[in-house]
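Report on one structure; see the data block that follows.
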Protein chains: 2
Amino acid sequence: MIRTISPNPNRANFGRCSACTVRSLSVCGALDQADLSEFERIARHVHLAANEALFTAGQLAHSVHNLTAGVARLYKLLPDGRRQVIGFALPGDFLGVAPSDRYGFSADAVDSVSACRLSKEAFRHFIEQRPHFLVRINEFAARELSLAQEQMLLLGRRTAEEKVASFLVGWRRRLAHIGDERQIIVLPMSRQDIADYLGLTIETVSRTLTRFEREKMLIIVNGGVRLLDAARAAAMAAA
Amino acid sequence: MIRTISPNPNRANFGRCSACTVRSLSVCGALDQADLSEFERIARHVHLAANEALFTAGQLAHSVHNLTAGVARLYKLLPDGRRQVIGFALPGDFLGVAPSDRYGFSADAVDSVSACRLSKEAFRHFIEQRPHFLVRINEFAARELSLAQEQMLLLGRRTAEEKVASFLVGWRRRLAHIGDERQIIVLPMSRQDIADYLGLTIETVSRTLTRFEREKMLIIVNGGVRLLDAARAAAMAAA
DNA sequence: CGGCCGGTTTGATCTGGATCAATCAGGCGG
DNA sequence: CCGCCTGATTGATCCAGATCAAACCGGCCG
């Protein structure tokens, strides 16, 4: 069985920010010991089972979130049910940059998820006293924006084959960034999630992966893929 | 002839920040008189003719920009020349939120453009002394991110008809926001720009607009469109 | 251990939008 | 005022990926 996604699956994160395994990756990486205990005072840990909602588009945005374990699916829906997954959040990711008082998208757990939840008000107050923390938030927002722009290029101008290859390469890079260096690229999300992320149908994603396997670029395993020809995948993702 | 896009086309902006017609709309809206004169000291005004470049993807990011007049096209290219326009910048828009020391996209003038250019270094220094300004930058980044997410939904899941209708409605809203309340929706960008923004071809954009005209939803005029049935357009954009 | 059940794969066919190919229109220089 | 040049429109055809329709597969519960 393939383990869940977490920087160090053997050590549990039980509430103490100073022991947080994703701190250096997260916005909290900018906090010193004193800041951290104040942060801990205003944060609450939440745990969600697969498919439970962190929050829903359109609701009043009471809270901001800091993912500490698992993978979340971020998405928007059209009235008739068409869905666009706008991103997958990993441990260390911050969900709270928003221009209005309502959530602009929905987020729910792909596998079991842990997160720090802070009331928006307490969070705003916390920030106001700590400009260096705001700088950090800004860096995270900038990275997020840059990823979104890359995704626009993908959605608007890449072929199905390029989309799937780009997704695998990008996902692998993000897993590596949080310390998951396993041979196998774990894919906890469903084919439908991937399709909705890439602007494709589930059938096209499935066919494309099968073709990649036939062409010996990868092997489809339970819960993920094993990449055999990383160079070829990277080339497809680039061009 | 249709006038260029500017909040108040009759008053020129000649270098003095305190006389800047877009200040309240821009990141500078958060600055007081003293901040403003320091800002003015480190800013330089640049003017570009149509199709001149503000900056190019991949180059070292020396500067940040604050658009004061005209429209800029922001885009990314694939190695084979496929282009995705990731946005159009209007007066008041800030171009400078980036996660790396290189520009992540290219920007050039659609029509003739004016902008404040600041060295990234001077800008960073300026920010460090002024946390409230950073908050403002953050709000702008959040709005930008939210627009990008909306655009991902459009690119991934909307039909050609919905894309064109959404574009017109969204563009009109942005024009209204900067004070352009004219009956006609000015479209200074080419059909190719619109196509590359919507993930379509120029032919599909053209055909869709002519169909909208045949169906009496709008009239195509030189340099823009006159919207006759705003409700219908809004309905198409929503669903 | 067998029969669901949800997610995935595979196959057959269809179609929205792309591609290829002429016009067409309007601004501009001569 | 004419002819060109660039961008836009319109028409004919094509095809990548969607849709429709079965299997298939693995985990789980009785």
Side-chain angles (χ1 to χ4, degrees), chain A residues 1-2 49-51 73 78 80-85 110-111 154-168 186-215 218-225 236 239, chain B residues 1-2 49-51 73 78 80-85 110-111 154-168 186-215 218-225 236 239:
Chain A
M1 186 47 200
I2 297 200
N51 298 314
R73 164 177 58 232
L78 287 172
D80 65 1
R82 280 174 288 172
R83 185 178 73 153
Q84 180 65 38
V85 170
V110 168
D111 50 8
L154 178 144
L155 290 168
R157 288 299 181 225
R158 293 175 115 100
T159 64
E161 170 176 296
E162 291 166 354
K163 284 176 175 183
V164 175
S166 296
F167 167 67
L168 292 175
V186 287
L187 299 173
M189 69 292 287
S190 71
R191 294 286 187 267
Q192 187 64 64
D193 290 337
I194 298 174
D196 287 347
Y197 182 55
L198 301 177
L200 298 171
T201 58
I202 185 173
E203 292 95 331
T204 298
V205 171
S206 182
R207 275 186 246 274
T208 304
L209 284 173
T210 324
R211 188 155 54 76
F212 285 169
E213 186 169 46
R214 236 185 355 255
E215 295 169 354
L218 51 75
I219 300 170
I220 300 169
V221 298
N222 210 312
V225 300
M236 276 185 183
Chain B
M1 185 49 198
I2 297 200
N51 299 314
R73 163 175 62 230
L78 287 171
D80 65 1
R82 279 174 289 172
R83 185 177 74 154
Q84 180 66 37
V85 170
V110 167
D111 50 9
L154 177 144
L155 289 168
R157 289 297 180 226
R158 293 176 115 103
T159 65
E161 171 176 295
E162 290 166 356
K163 284 176 175 183
V164 174
S166 297
F167 167 68
L168 291 175
V186 287
L187 298 173
M189 70 292 285
S190 70
R191 293 286 187 269
Q192 186 64 65
D193 290 337
I194 297 173
D196 286 348
Y197 182 56
L198 300 177
L200 298 171
T201 58
I202 184 173
E203 294 94 332
T204 299
V205 171
S206 182
R207 275 187 246 275
T208 305
L209 284 173
T210 14
R211 187 156 55 74
F212 285 169
E213 186 169 45
R214 234 183 0 253
E215 295 169 356
L218 50 77
I219 300 171
I220 300 170
V221 298
N222 210 313
V225 300
M236 276 186 184

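Numbers restart at 1 for each chain; the letters A, B, ... are given by sequence-line order, proteins then strands.
One atom, CD1 of B:I194, and another, P of D:dT9, lie 9 Å apart when rounded to the nearest Å. Remark: P of C:dT10 and CD of A:E213 are 8 Å apart, rounded to the nearest angstrom. For A:R191 and D:dA18, the CZ to C1' distance is 19 Å, given to the nearest whole Å. B:R211 has its CZ atom 14 Å from the P atom of D:dG11, to the nearest Å. The CZ-C1' distance, from A:R214 to C:dT10, rounds to 10 Å in whole Å. The separation between B:Q192 atom CD and D:dT9 atom C1' is 14 Å, rounded to whole Å. The nearest whole Å value for the distance from the CD1 atom in A:I220 to the P atom in C:dG7 is 18 Å. As rounded to whole Å, 8 Å separates atom P of C:dT9 from atom CD1 of A:I202.
Using modelled atom types, no side-chain atom of B:N222 and backbone atom of B:G224 make a donor-acceptor pair closer than 3.5 Å. Here the side chain of B:R157 pairs no donor or acceptor atom with the backbone of A:R82 at under 3.5 angstrom. B:E161 places no side-chain N or O within 3.5 Å of a backbone atom of B:M236 that could act as its donor or acceptor partner. Put simply, the side chain of B:E162 never gets that close to the backbone of B:L154: no donor and acceptor are under 3.5 Å apart. The main-chain N or O of A:V110 is never found under 3.5 Å from a side-chain atom of A:R73 such that the two would form a donor-acceptor pair. Using modelled atom types, one side-chain atom of A:T208 and one backbone atom of A:T204 make a donor-acceptor pair closer than 3.5 Å. Judged purely by atom type and a 3.5 angstrom limit, A:T210 uses its side chain to pair as donor or acceptor with the backbone of A:S206. With hydrogens and angles disregarded, a donor-acceptor distance shorter than 3.5 Å links the side chain of A:E213 to the backbone of A:I220. A distance-only check finds no donor-acceptor pair linking the side chain of B:D193 to the backbone of B:A195 [under 3.5 Å].
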Could you run down the sub-3.5 Å N/O contacts of the protein with nucleotides 23-25 of chain D?
none

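End-to-end axis angle for the helix from C:dC1-D:dG30 to C:dG30-D:dC1, using five pairs per end and rounding to 10°, comes out at 30°.
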Nucleotides 13-26 of chain C: protein proximity per nucleotide (B base, S sugar-phosphate only, - neither; heavy atom, under 4.0 Å): ----SSBBB-----
Salt bridge (Lys or Arg N to Asp or Glu O under 4.0 Å) between B:R207 and B:E203, worked out: CA-CA 6 Å; B:R207 275 187 246 275; B:E203 294 94 332; 5.6 Å; no
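Between A:Y197 and A:V85 the shortest heavy-atom distance is CD1-O, 3.2 Å.
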